[in-house]
Amino acid sequence: MNAYVQRVLDTAIANNPNEPEFHQALTEILSSLSEVFDAHPEYEKSQILEMLVEPERIIAFRVPWVDDNGKVQVNKGYRVQFNSAIGPYKGGLRFHPSVNISIIKFLGFEQIFKNSLTGLPIGGGKGGSNFDPKGKSDGEVMRFCQSFMAELYRHIGSETDVPAGDIGVGGREIGYMFGYYKKIADEHTGVLTGRGLEYGGSFVRVQATGYGLVYFMEEMLLCNGSSFDGKTVVVSGSGNVAIYAHEKATKMGAKVVAMSDSGGYIYDKNGVDLEAVKEIKEVKRGRISDYLNYHPEAEYHKGCKGIWTVPCDIALPCATQNELDLESAEILVKNGVKAVGEGANMPSTNEAVKYFMEHDVLFGPAKAANAGGVACSALEMAQSGMRIFWNFDEVDSKLQHIMTGIFHNIADAAERYGKGKNYLDGANIAGFEKVAKAMMAQGVV
Ligand code: NDP
Ligand code: 2IT
(Lines give C-alpha, C1' and ligand atoms only; values in the text may rest on other atoms or scores of the structure.)
(Ligands and ions follow the chains in the order given, each with its own letter.)
Protein backbone atom coordinates (compact mmCIF):
# COMPACT_ATOMS: atom_id res chain seq x y z
CA MET A 1 0.00 0.00 0.00
CA ASN A 2 1.07 3.61 -0.61
CA ALA A 3 3.18 4.60 2.43
CA TYR A 4 1.26 7.81 3.15
CA VAL A 5 -2.13 6.05 3.00
CA GLN A 6 -0.85 3.28 5.28
CA ARG A 7 0.51 5.83 7.77
CA VAL A 8 -2.79 7.73 7.95
CA LEU A 9 -4.73 4.48 8.33
CA ASP A 10 -2.49 3.24 11.16
CA THR A 11 -2.69 6.60 12.94
CA ALA A 12 -6.46 6.85 12.57
CA ILE A 13 -6.90 3.37 14.03
CA ALA A 14 -4.54 4.14 16.93
CA ASN A 15 -6.25 7.49 17.60
CA ASN A 16 -9.74 5.96 17.73
CA PRO A 17 -9.36 2.92 19.99
CA ASN A 18 -12.25 0.51 20.64
CA GLU A 19 -14.10 1.45 17.45
CA PRO A 20 -13.98 -1.80 15.42
CA GLU A 21 -16.69 -0.88 12.89
CA PHE A 22 -15.03 2.48 12.20
CA HIS A 23 -11.67 0.73 11.79
CA GLN A 24 -13.26 -1.71 9.35
CA ALA A 25 -14.71 1.09 7.20
CA LEU A 26 -11.43 3.04 7.31
CA THR A 27 -9.48 -0.05 6.23
CA GLU A 28 -11.90 -0.91 3.43
CA ILE A 29 -11.96 2.57 1.95
CA LEU A 30 -8.35 3.64 2.39
CA SER A 31 -7.08 0.32 1.00
CA SER A 32 -8.80 1.17 -2.29
CA LEU A 33 -7.07 4.54 -2.61
CA SER A 34 -3.41 3.49 -2.75
CA GLU A 35 -2.96 3.94 -6.52
CA VAL A 36 -4.86 7.25 -6.45
CA PHE A 37 -2.26 8.65 -4.05
CA ASP A 38 0.57 7.18 -6.12
CA ALA A 39 -0.81 9.10 -9.12
CA HIS A 40 -1.69 12.33 -7.28
CA PRO A 41 1.10 13.53 -4.98
CA GLU A 42 -0.78 16.83 -4.56
CA TYR A 43 -3.30 15.07 -2.30
CA GLU A 44 -0.56 14.03 0.10
CA LYS A 45 0.93 17.54 0.04
CA SER A 46 -2.45 18.93 1.19
CA GLN A 47 -2.74 16.18 3.83
CA ILE A 48 -6.20 15.55 2.53
CA LEU A 49 -6.54 12.13 4.18
CA GLU A 50 -5.76 13.38 7.70
CA MET A 51 -8.59 15.88 7.22
CA LEU A 52 -10.96 13.33 5.73
CA VAL A 53 -10.72 10.69 8.49
CA GLU A 54 -11.50 13.24 11.21
CA PRO A 55 -15.19 14.17 11.59
CA GLU A 56 -15.84 17.92 11.34
CA ARG A 57 -18.00 17.70 14.45
CA ILE A 58 -19.30 15.02 16.85
CA ILE A 59 -22.35 15.74 18.97
CA ALA A 60 -23.28 13.40 21.84
CA PHE A 61 -26.15 14.04 24.21
CA ARG A 62 -28.54 12.68 26.83
CA VAL A 63 -32.06 11.69 25.80
CA PRO A 64 -34.34 11.39 28.85
CA TRP A 65 -38.00 10.39 28.45
CA VAL A 66 -40.84 8.94 30.52
CA ASP A 67 -42.23 5.48 29.71
CA ASP A 68 -45.87 4.36 29.96
CA ASN A 69 -45.34 3.30 33.59
CA GLY A 70 -44.20 6.79 34.54
CA LYS A 71 -40.57 5.66 34.88
CA VAL A 72 -37.73 7.86 33.61
CA GLN A 73 -35.60 6.26 30.90
CA VAL A 74 -32.29 7.66 29.66
CA ASN A 75 -30.76 6.92 26.26
CA LYS A 76 -27.69 8.15 24.39
CA GLY A 77 -28.06 10.39 21.34
CA TYR A 78 -25.47 11.10 18.61
CA ARG A 79 -24.94 13.09 15.44
CA VAL A 80 -21.63 12.85 13.62
CA GLN A 81 -21.23 15.67 11.08
CA PHE A 82 -18.43 14.06 9.12
CA ASN A 83 -17.80 16.08 5.98
CA SER A 84 -19.53 19.08 4.37
CA ALA A 85 -17.19 19.67 1.41
CA ILE A 86 -19.82 19.03 -1.25
CA GLY A 87 -23.03 19.98 0.56
CA PRO A 88 -24.90 20.07 3.88
CA TYR A 89 -24.36 16.98 6.08
CA LYS A 90 -26.84 14.31 5.00
CA GLY A 91 -27.50 10.86 6.36
CA GLY A 92 -29.90 8.82 8.43
CA LEU A 93 -30.66 8.35 12.11
CA ARG A 94 -30.52 4.81 13.50
CA PHE A 95 -32.48 3.76 16.61
CA HIS A 96 -31.23 0.34 17.72
CA PRO A 97 -29.87 -0.97 21.05
CA SER A 98 -26.50 -1.74 19.41
CA VAL A 99 -25.85 1.91 18.43
CA ASN A 100 -22.58 3.37 19.74
CA ILE A 101 -20.05 5.93 18.51
CA SER A 102 -18.10 3.35 16.47
CA ILE A 103 -21.21 2.39 14.49
CA ILE A 104 -22.26 5.99 13.89
CA LYS A 105 -18.74 6.93 12.75
CA PHE A 106 -18.49 4.00 10.33
CA LEU A 107 -21.88 4.90 8.89
CA GLY A 108 -20.99 8.60 8.66
CA PHE A 109 -17.65 7.88 6.97
CA GLU A 110 -19.30 5.59 4.39
CA GLN A 111 -21.97 8.21 3.81
CA ILE A 112 -19.42 10.80 2.60
CA PHE A 113 -18.44 8.61 -0.36
CA LYS A 114 -21.96 7.33 -1.03
CA ASN A 115 -23.37 10.83 -1.17
CA SER A 116 -20.55 11.91 -3.46
CA LEU A 117 -21.44 9.06 -5.84
CA THR A 118 -25.04 10.25 -6.17
CA GLY A 119 -23.72 13.30 -8.03
CA LEU A 120 -25.95 15.50 -5.87
CA PRO A 121 -24.78 18.28 -3.49
CA ILE A 122 -24.84 16.46 -0.13
CA GLY A 123 -22.11 15.99 2.49
CA GLY A 124 -21.84 13.05 4.88
CA GLY A 125 -23.32 12.61 8.36
CA LYS A 126 -25.08 10.05 10.51
CA GLY A 127 -26.75 9.90 13.89
CA GLY A 128 -28.95 7.88 16.15
CA SER A 129 -29.56 6.43 19.56
CA ASN A 130 -29.34 3.17 21.49
CA PHE A 131 -33.14 3.49 21.97
CA ASP A 132 -35.01 0.33 20.91
CA PRO A 133 -38.39 1.12 19.29
CA LYS A 134 -39.29 -2.59 19.32
CA GLY A 135 -42.13 -3.30 21.76
CA LYS A 136 -42.63 0.39 22.65
CA SER A 137 -46.04 2.06 22.40
CA ASP A 138 -46.62 4.90 19.94
CA GLY A 139 -46.74 7.27 22.92
CA GLU A 140 -43.34 6.11 24.16
CA VAL A 141 -41.81 6.42 20.69
CA MET A 142 -43.27 9.93 20.38
CA ARG A 143 -41.92 11.07 23.75
CA PHE A 144 -38.51 9.64 22.93
CA CYS A 145 -38.46 11.35 19.48
CA GLN A 146 -39.47 14.67 21.03
CA SER A 147 -36.70 14.49 23.62
CA PHE A 148 -34.17 13.49 20.95
CA MET A 149 -35.18 16.46 18.81
CA ALA A 150 -35.22 18.86 21.78
CA GLU A 151 -31.42 18.61 21.67
CA LEU A 152 -30.73 17.78 18.01
CA TYR A 153 -32.74 20.74 16.61
CA ARG A 154 -30.02 23.29 17.44
CA HIS A 155 -27.47 21.41 15.30
CA ILE A 156 -29.50 20.79 12.13
CA GLY A 157 -31.26 22.80 9.43
CA SER A 158 -32.22 22.56 5.77
CA GLU A 159 -28.94 24.23 4.72
CA THR A 160 -26.78 22.74 7.51
CA ASP A 161 -27.57 19.11 8.24
CA VAL A 162 -30.58 17.11 7.04
CA PRO A 163 -31.15 13.76 8.84
CA ALA A 164 -33.45 10.97 7.59
CA GLY A 165 -34.32 7.38 8.49
CA ASP A 166 -32.25 4.22 8.92
CA ILE A 167 -32.74 1.08 11.04
CA GLY A 168 -35.60 1.67 13.49
CA VAL A 169 -36.46 5.07 12.02
CA GLY A 170 -39.28 5.12 9.47
CA GLY A 171 -42.26 7.32 8.68
CA ARG A 172 -43.65 7.26 12.23
CA GLU A 173 -40.40 8.43 13.86
CA ILE A 174 -39.67 11.04 11.17
CA GLY A 175 -43.20 12.42 11.67
CA TYR A 176 -42.80 12.80 15.43
CA MET A 177 -39.34 14.37 15.06
CA PHE A 178 -40.48 16.75 12.33
CA GLY A 179 -43.52 17.85 14.33
CA TYR A 180 -41.36 18.70 17.31
CA TYR A 181 -38.71 20.48 15.22
CA LYS A 182 -41.42 22.63 13.64
CA LYS A 183 -42.82 23.53 17.05
CA ILE A 184 -39.55 24.62 18.65
CA ALA A 185 -37.79 26.11 15.59
CA ASP A 186 -41.02 27.66 14.29
CA GLU A 187 -40.25 26.77 10.67
CA HIS A 188 -41.74 24.30 8.21
CA THR A 189 -38.65 23.52 6.16
CA GLY A 190 -36.92 20.52 4.64
CA VAL A 191 -34.94 19.77 7.80
CA LEU A 192 -35.62 16.03 7.64
CA THR A 193 -36.24 13.81 4.63
CA GLY A 194 -38.48 10.78 4.48
CA ARG A 195 -41.40 13.00 5.50
CA GLY A 196 -44.97 11.94 4.75
CA LEU A 197 -46.37 12.98 1.37
CA GLU A 198 -48.87 15.25 3.17
CA TYR A 199 -46.19 17.41 4.76
CA GLY A 200 -43.39 17.86 2.28
CA GLY A 201 -42.20 14.33 1.53
CA SER A 202 -41.28 12.97 -1.88
CA PHE A 203 -42.86 10.20 -3.87
CA VAL A 204 -40.65 7.09 -4.05
CA ARG A 205 -38.60 7.88 -0.89
CA VAL A 206 -40.16 4.89 0.89
CA GLN A 207 -39.24 2.57 -1.98
CA ALA A 208 -36.01 4.30 -3.03
CA THR A 209 -33.27 2.26 -1.36
CA GLY A 210 -34.72 -1.13 -2.35
CA TYR A 211 -35.71 -0.03 -5.86
CA GLY A 212 -32.37 1.72 -6.31
CA LEU A 213 -30.48 -1.40 -5.26
CA VAL A 214 -32.24 -3.43 -7.94
CA TYR A 215 -31.79 -0.72 -10.61
CA PHE A 216 -28.08 -0.63 -9.81
CA MET A 217 -27.72 -4.42 -9.81
CA GLU A 218 -29.73 -4.83 -13.01
CA GLU A 219 -27.36 -2.45 -14.81
CA MET A 220 -24.35 -4.31 -13.41
CA LEU A 221 -25.84 -7.64 -14.50
CA LEU A 222 -26.78 -6.38 -17.97
CA CYS A 223 -23.25 -5.07 -18.52
CA ASN A 224 -22.00 -8.54 -17.62
CA GLY A 225 -24.38 -10.47 -19.85
CA SER A 226 -27.05 -11.33 -17.26
CA SER A 227 -30.17 -9.87 -15.57
CA PHE A 228 -32.67 -10.50 -12.75
CA ASP A 229 -35.07 -12.24 -15.10
CA GLY A 230 -35.59 -15.87 -14.10
CA LYS A 231 -33.11 -15.73 -11.21
CA THR A 232 -33.53 -17.04 -7.67
CA VAL A 233 -32.87 -14.34 -5.08
CA VAL A 234 -32.29 -14.31 -1.33
CA VAL A 235 -32.98 -11.01 0.50
CA SER A 236 -31.93 -10.75 4.15
CA GLY A 237 -33.87 -8.50 6.51
CA SER A 238 -37.56 -7.66 6.17
CA GLY A 239 -37.49 -3.93 6.83
CA ASN A 240 -37.75 -0.95 4.53
CA VAL A 241 -34.83 -1.81 2.23
CA ALA A 242 -35.54 -5.55 2.04
CA ILE A 243 -39.26 -5.17 1.26
CA TYR A 244 -38.76 -2.83 -1.69
CA ALA A 245 -35.76 -4.77 -3.01
CA HIS A 246 -38.04 -7.82 -3.11
CA GLU A 247 -40.79 -5.80 -4.83
CA LYS A 248 -38.56 -4.51 -7.63
CA ALA A 249 -36.56 -7.73 -8.12
CA THR A 250 -39.85 -9.59 -8.52
CA LYS A 251 -41.05 -6.96 -11.01
CA MET A 252 -37.88 -7.67 -12.99
CA GLY A 253 -38.74 -11.37 -13.23
CA ALA A 254 -36.80 -12.80 -10.28
CA LYS A 255 -38.14 -15.11 -7.56
CA VAL A 256 -37.31 -14.15 -3.95
CA VAL A 257 -37.31 -17.35 -1.89
CA ALA A 258 -36.05 -16.21 1.53
CA MET A 259 -36.24 -13.22 3.92
CA SER A 260 -35.26 -12.75 7.58
CA ASP A 261 -35.24 -10.65 10.72
CA SER A 262 -32.93 -10.74 13.71
CA GLY A 263 -34.74 -13.84 15.04
CA GLY A 264 -34.56 -16.12 12.02
CA TYR A 265 -35.43 -16.61 8.34
CA ILE A 266 -38.25 -17.94 6.21
CA TYR A 267 -37.82 -20.07 3.10
CA ASP A 268 -40.74 -20.28 0.67
CA LYS A 269 -39.93 -22.29 -2.43
CA ASN A 270 -42.98 -20.76 -4.17
CA GLY A 271 -41.57 -17.27 -3.73
CA VAL A 272 -42.00 -15.14 -0.60
CA ASP A 273 -45.47 -13.52 -0.58
CA LEU A 274 -44.61 -9.84 -0.26
CA GLU A 275 -48.12 -8.69 0.65
CA ALA A 276 -47.97 -10.98 3.70
CA VAL A 277 -44.54 -9.63 4.68
CA LYS A 278 -45.76 -6.03 4.29
CA GLU A 279 -48.75 -6.72 6.52
CA ILE A 280 -46.59 -8.43 9.16
CA LYS A 281 -43.86 -5.80 9.18
CA GLU A 282 -45.41 -2.49 8.05
CA VAL A 283 -48.86 -2.81 9.59
CA LYS A 284 -48.55 -5.17 12.57
CA ARG A 285 -44.85 -4.57 13.42
CA GLY A 286 -44.61 -8.34 13.93
CA ARG A 287 -41.95 -11.02 13.45
CA ILE A 288 -40.98 -12.81 10.23
CA SER A 289 -41.92 -16.11 11.93
CA ASP A 290 -45.57 -14.90 11.69
CA TYR A 291 -45.28 -15.67 7.95
CA LEU A 292 -46.22 -19.28 8.77
CA ASN A 293 -49.69 -18.01 9.78
CA TYR A 294 -50.13 -16.96 6.15
CA HIS A 295 -48.22 -19.81 4.49
CA PRO A 296 -47.99 -22.87 6.75
CA GLU A 297 -46.20 -24.78 3.96
CA ALA A 298 -43.20 -22.41 4.14
CA GLU A 299 -40.22 -23.07 6.45
CA TYR A 300 -39.06 -20.94 9.39
CA HIS A 301 -35.57 -21.42 10.83
CA LYS A 302 -34.26 -19.75 13.97
CA GLY A 303 -31.05 -17.71 13.61
CA CYS A 304 -30.69 -15.13 10.85
CA LYS A 305 -27.27 -16.27 9.59
CA GLY A 306 -28.72 -19.49 8.17
CA ILE A 307 -30.36 -17.52 5.36
CA TRP A 308 -27.05 -17.66 3.46
CA THR A 309 -27.31 -21.46 3.24
CA VAL A 310 -30.34 -21.08 0.92
CA PRO A 311 -29.10 -21.66 -2.66
CA CYS A 312 -29.55 -18.62 -4.92
CA ASP A 313 -28.21 -16.85 -8.02
CA ILE A 314 -28.28 -13.39 -6.44
CA ALA A 315 -27.90 -12.48 -2.75
CA LEU A 316 -29.08 -9.11 -1.46
CA PRO A 317 -28.02 -8.53 2.18
CA CYS A 318 -30.42 -5.82 3.40
CA ALA A 319 -30.36 -6.11 7.23
CA THR A 320 -27.26 -4.81 9.00
CA GLN A 321 -23.44 -4.57 9.19
CA ASN A 322 -21.34 -7.74 9.20
CA GLU A 323 -24.33 -10.03 8.70
CA LEU A 324 -22.45 -11.90 5.95
CA ASP A 325 -19.07 -13.31 7.01
CA LEU A 326 -16.44 -15.44 5.27
CA GLU A 327 -18.11 -18.71 6.24
CA SER A 328 -21.42 -17.56 4.70
CA ALA A 329 -19.61 -16.27 1.60
CA GLU A 330 -18.02 -19.71 1.12
CA ILE A 331 -21.43 -21.40 1.35
CA LEU A 332 -23.00 -18.94 -1.09
CA VAL A 333 -20.20 -19.53 -3.62
CA LYS A 334 -20.41 -23.29 -3.17
CA ASN A 335 -24.14 -23.05 -3.89
CA GLY A 336 -23.49 -21.14 -7.12
CA VAL A 337 -24.18 -17.48 -6.28
CA LYS A 338 -23.37 -15.22 -9.25
CA ALA A 339 -23.91 -11.74 -7.82
CA VAL A 340 -24.14 -10.01 -4.43
CA GLY A 341 -25.68 -6.55 -3.99
CA GLU A 342 -25.38 -4.77 -0.66
CA GLY A 343 -28.63 -3.07 0.37
CA ALA A 344 -27.47 -2.68 3.99
CA ASN A 345 -24.40 -0.66 5.00
CA MET A 346 -21.24 -2.79 5.23
CA PRO A 347 -23.21 -6.08 5.48
CA SER A 348 -20.27 -8.16 4.23
CA THR A 349 -17.11 -8.46 6.29
CA ASN A 350 -13.91 -7.44 4.47
CA GLU A 351 -12.93 -11.14 4.32
CA ALA A 352 -16.25 -12.06 2.70
CA VAL A 353 -15.85 -9.32 0.07
CA LYS A 354 -12.34 -10.54 -0.75
CA TYR A 355 -13.66 -14.09 -1.15
CA PHE A 356 -16.41 -12.97 -3.54
CA MET A 357 -13.88 -11.06 -5.66
CA GLU A 358 -11.51 -14.03 -5.79
CA HIS A 359 -14.35 -16.27 -6.96
CA ASP A 360 -15.62 -13.97 -9.74
CA VAL A 361 -18.86 -13.13 -7.98
CA LEU A 362 -20.16 -9.77 -9.27
CA PHE A 363 -20.13 -7.54 -6.21
CA GLY A 364 -22.22 -4.37 -5.85
CA PRO A 365 -20.73 -2.48 -2.87
CA ALA A 366 -23.07 -0.78 -0.38
CA LYS A 367 -22.00 2.79 -0.91
CA ALA A 368 -22.96 2.51 -4.59
CA ALA A 369 -25.72 -0.09 -4.53
CA ASN A 370 -27.77 1.39 -1.67
CA ALA A 371 -27.28 5.06 -2.61
CA GLY A 372 -30.83 5.26 -3.97
CA GLY A 373 -32.29 6.16 -0.58
CA VAL A 374 -30.11 9.16 0.02
CA ALA A 375 -30.30 10.16 -3.65
CA CYS A 376 -34.09 10.29 -3.35
CA SER A 377 -33.65 12.25 -0.11
CA ALA A 378 -31.65 14.81 -2.09
CA LEU A 379 -34.51 14.93 -4.61
CA GLU A 380 -36.85 15.57 -1.67
CA MET A 381 -34.60 18.45 -0.60
CA ALA A 382 -34.71 19.86 -4.14
CA GLN A 383 -38.52 19.69 -4.24
CA SER A 384 -38.76 21.32 -0.78
CA GLY A 385 -36.48 24.14 -1.90
CA MET A 386 -38.53 24.78 -5.01
CA ARG A 387 -41.86 24.18 -3.25
CA ILE A 388 -43.03 21.87 -6.01
CA PHE A 389 -43.72 18.14 -6.28
CA TRP A 390 -42.71 15.70 -8.95
CA ASN A 391 -45.07 12.77 -9.47
CA PHE A 392 -44.17 9.14 -8.74
CA ASP A 393 -42.97 8.34 -12.26
CA GLU A 394 -40.86 11.50 -12.48
CA VAL A 395 -38.99 10.69 -9.26
CA ASP A 396 -38.73 7.01 -10.13
CA SER A 397 -37.17 7.74 -13.51
CA LYS A 398 -34.69 10.20 -11.93
CA LEU A 399 -33.77 7.48 -9.39
CA GLN A 400 -33.25 4.91 -12.13
CA HIS A 401 -31.08 7.35 -14.08
CA ILE A 402 -28.97 8.11 -10.97
CA MET A 403 -28.44 4.42 -10.13
CA THR A 404 -27.40 3.37 -13.64
CA GLY A 405 -25.14 6.44 -13.73
CA ILE A 406 -23.49 5.38 -10.46
CA PHE A 407 -22.73 1.96 -11.91
CA HIS A 408 -21.04 3.42 -14.98
CA ASN A 409 -19.15 5.98 -12.90
CA ILE A 410 -17.65 3.35 -10.60
CA ALA A 411 -16.98 0.89 -13.43
CA ASP A 412 -15.12 3.70 -15.23
CA ALA A 413 -13.05 4.54 -12.12
CA ALA A 414 -12.17 0.84 -11.70
CA GLU A 415 -11.13 0.74 -15.35
CA ARG A 416 -8.99 3.92 -15.11
CA TYR A 417 -7.00 2.41 -12.25
CA GLY A 418 -6.68 -1.06 -13.79
CA LYS A 419 -8.96 -2.69 -11.22
CA GLY A 420 -11.03 -4.73 -13.67
CA LYS A 421 -14.42 -5.60 -12.20
CA ASN A 422 -13.48 -4.58 -8.69
CA TYR A 423 -16.46 -2.25 -8.25
CA LEU A 424 -15.65 -1.76 -4.57
CA ASP A 425 -12.37 -0.06 -5.41
CA GLY A 426 -14.16 1.77 -8.24
CA ALA A 427 -16.80 3.13 -5.82
CA ASN A 428 -14.24 4.22 -3.24
CA ILE A 429 -12.09 5.92 -5.87
CA ALA A 430 -14.94 7.70 -7.68
CA GLY A 431 -16.51 8.77 -4.38
CA PHE A 432 -13.18 10.04 -3.08
CA GLU A 433 -12.19 12.00 -6.20
CA LYS A 434 -15.07 14.47 -6.01
CA VAL A 435 -14.75 15.02 -2.25
CA ALA A 436 -10.97 15.48 -2.50
CA LYS A 437 -11.28 18.06 -5.27
CA ALA A 438 -13.92 19.99 -3.28
CA MET A 439 -11.75 19.89 -0.14
CA MET A 440 -8.64 21.04 -2.01
CA ALA A 441 -10.58 23.97 -3.51
CA GLN A 442 -11.81 25.08 -0.08
CA GLY A 443 -8.41 25.14 1.65
CA VAL A 444 -7.59 24.26 5.25
CA VAL A 445 -10.99 24.49 6.96
P1 NDP B 1 -35.44 -1.39 9.13
O2 NDP B 1 -35.40 -1.00 10.54
O3 NDP B 1 -36.64 -1.06 8.31
O4 NDP B 1 -35.18 -2.96 8.96
C5 NDP B 1 -34.04 -3.55 9.45
C6 NDP B 1 -34.09 -5.04 9.17
O7 NDP B 1 -32.82 -5.61 9.48
C8 NDP B 1 -35.10 -5.76 10.06
O9 NDP B 1 -35.58 -6.88 9.38
C10 NDP B 1 -34.24 -6.15 11.26
O11 NDP B 1 -34.75 -7.25 11.99
C12 NDP B 1 -32.94 -6.52 10.58
N13 NDP B 1 -31.84 -6.29 11.53
C14 NDP B 1 -31.51 -5.13 12.13
N15 NDP B 1 -30.48 -5.29 12.97
C16 NDP B 1 -30.17 -6.59 12.89
C17 NDP B 1 -29.18 -7.38 13.50
N18 NDP B 1 -28.30 -6.84 14.41
N19 NDP B 1 -29.11 -8.70 13.15
C20 NDP B 1 -30.01 -9.22 12.25
N21 NDP B 1 -30.96 -8.51 11.65
C22 NDP B 1 -31.03 -7.23 11.95
O23 NDP B 1 -34.11 -0.75 8.48
P24 NDP B 1 -33.78 -0.47 6.95
O25 NDP B 1 -34.40 -1.48 6.07
O26 NDP B 1 -34.04 0.96 6.69
O27 NDP B 1 -32.19 -0.65 6.95
C28 NDP B 1 -31.56 -1.89 6.64
C29 NDP B 1 -30.12 -1.64 6.23
O30 NDP B 1 -30.10 -0.79 5.08
C31 NDP B 1 -29.25 -0.93 7.28
O32 NDP B 1 -27.93 -1.40 7.17
C33 NDP B 1 -29.30 0.53 6.83
O34 NDP B 1 -28.19 1.25 7.28
C35 NDP B 1 -29.27 0.34 5.33
N36 NDP B 1 -29.76 1.47 4.53
C37 NDP B 1 -30.99 2.00 4.73
C38 NDP B 1 -31.44 3.03 3.94
C39 NDP B 1 -32.81 3.60 4.07
O40 NDP B 1 -33.17 4.47 3.28
N41 NDP B 1 -33.63 3.15 5.01
C42 NDP B 1 -30.58 3.63 2.91
C43 NDP B 1 -29.32 2.93 2.71
C44 NDP B 1 -28.95 1.91 3.51
P45 NDP B 1 -35.45 -6.99 13.43
O46 NDP B 1 -36.77 -6.37 13.11
O47 NDP B 1 -35.55 -8.33 14.05
O48 NDP B 1 -34.54 -6.07 14.19
O1 2IT C 1 -27.61 4.85 4.81
C2 2IT C 1 -28.29 5.68 4.17
O3 2IT C 1 -27.92 6.11 3.08
C4 2IT C 1 -29.57 6.09 4.73
N5 2IT C 1 -29.95 5.61 5.80
C6 2IT C 1 -30.39 7.13 4.04
C7 2IT C 1 -29.91 8.52 4.39
C8 2IT C 1 -30.75 9.66 3.88
O9 2IT C 1 -30.37 10.79 4.21
O10 2IT C 1 -31.74 9.46 3.17
Side-chain angles (χ1 to χ4, degrees), residues 16 18-25 58-69 71-80 91-111 125-152 163-174 176-177 194 236-242 259-265 280-282 284-290 302-305 307 317-325 343-347 349 366:
N16 296 278
N18 307 316
E19 296 181 1
E21 293 85 3
F22 183 44
H23 297 173
Q24 186 180 339
I58 295 181
I59 300 146
F61 52 98
R62 178 174 77 193
V63 191
W65 56 283
V66 180
D67 70 18
D68 286 348
N69 298 320
K71 191 165 178 279
V72 174
Q73 302 283 347
V74 182
N75 286 102
K76 290 176 181 292
Y78 305 95
R79 186 74 182 165
V80 173
L93 297 171
R94 175 177 292 190
F95 293 169
H96 192 272
S98 63
V99 163
N100 57 37
I101 194 64
S102 172
I103 288 179
I104 300 298
K105 280 169 75 177
F106 115 65
L107 289 164
F109 192 55
E110 280 274 307
Q111 199 83 41
K126 200 85 188 188
S129 172
N130 62 352
F131 174 73
D132 186 0
K134 232 178 270 164
K136 303 288 191 300
S137 70
D138 285 351
E140 289 177 322
V141 170
M142 182 179 77
R143 291 193 293 282
F144 171 81
C145 287
Q146 292 179 340
S147 179
F148 187 82
M149 191 49 91
E151 174 58 34
L152 187 67
D166 193 81
I167 291 177
V169 178
R172 175 181 62 171
E173 291 75 17
I174 294 290
Y176 291 147
M177 285 190 278
S236 67
S238 48
N240 174 263
V241 179
M259 292 182 88
S260 61
D261 62 20
S262 57
Y265 72 95
I280 294 164
K281 289 290 173 180
E282 294 183 338
K284 297 182 173 164
R285 297 184 186 274
R287 307 304 300 156
I288 202 70
S289 52
D290 299 342
K302 279 195 184 150
C304 46
K305 198 179 155 184
I307 195 169
C318 295
T320 193
Q321 65 275 355
N322 293 327
E323 56 167 310
L324 201 171
D325 60 11
N345 284 306
M346 205 167 78
T349 63

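Between the side chain of E110 and the backbone N or O of L107, no donor-acceptor pair lies under 3.5 Å. In terms of modelled atom types and a separation under 3.5 Å, the side chain of S147 and the main chain of V63 share no donor-acceptor contact. Put simply, the side chain of R143 gets close to the backbone of V66: a donor and an acceptor are under 3.5 Å apart. Between the side chain of H23 and the main chain of S102, no donor-acceptor pair closer than 3.5 Å is present. Side-chain atoms of K281 come within 3.5 Å of backbone N or O of G286 as a donor-acceptor pair.
Looking at heavy atoms from C-beta onward, I104 lies in side-chain contact with V99 at the 4.5 angstrom threshold. Counting only heavy atoms from C-beta outward, the side chains of E323 and S260 never approach each other to under 4.5 Å. Looking at heavy atoms from C-beta onward, K284 lies out of side-chain contact with D290 at the 4.5 angstrom threshold. Within the 4.5 Å cutoff, the side chain of D132 has no heavy atoms near those of the N75 side chain. L93 has its side chain within reach of R79: a pair of non-hydrogen atoms, C-beta onward, lies under 4.5 Å apart. When side chains are defined from C-beta on, Q24 counts as touching N322, because their heavy atoms get closer than 4.5 Å. By the 4.5 Å heavy-atom criterion applied to side chains, L152 and M177 are not counted as neighbours. Within the 4.5 Å cutoff, side-chain heavy atoms of T320 are placed close to those of R94.
The shortest non-hydrogen separation linking Y265 to G303 is CD2-O, 3.5 Å. The two residues S236 and C318 make their nearest non-hydrogen contact at OG-N, 2.9 Å. Minimum heavy-atom separation, S238 to I288: CB-CD1, 3.8 Å. Between L324 and P317 the shortest heavy-atom distance is CD1-CG, 4.1 Å. Of all the heavy atoms in D67 and N69, the pair that sits closest is OD1-N, 2.9 Å. The two atoms that bring A344 and A366 nearest to each other are O-CB, 3.3 Å, heavy atoms only.
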Run the numbers on K126 and N345 for side-chain contact (heavy atoms from CB on, under 4.5 Å), then give the verdict.
-> CA-CA 12 Å; K126 200 85 188 188; N345 284 306; 4.1 Å; yes
In sequence, state the C-alpha distance, the side-chain angles, and the governing distance for S262 and K134, and then conclude on side-chain contact (heavy atoms from CB on, under 4.5 Å).
-> CA-CA 12 Å; S262 57; K134 232 178 270 164; 3.8 Å; yes
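Here CG of D261 is found 4.0 Å from CZ of R287. Values are rounded to the nearest 0.5 Å. Taken to the nearest 0.5 Å, the NZ atom of K105 stands 3.5 Å off from the CD atom of E19. In this structure, the separation between CD1 on I101 and NZ on K76 is 10.0 Å, given to the nearest 0.5 Å.
Annotation: side-chain contact (heavy atoms from CB on, under 4.5 Å) contacts of D325 (sequence neighbours excluded): K305, E327, S328, T349.
A cation-pi geometry, defined here as NZ or CZ lying under 6.0 Å from the six-membered ring centre and within 45° of its normal, holds between K136 and F131.
A donor atom on one side chain and an acceptor atom on the other are found under 3.5 Å apart for S137 and D68.
Of the listed residues (W65, Y78, F95, Y176), just one forms a ring-ring contact (aromatic ring centres under 6.0 Å, His included) with F148, and that residue is F95.
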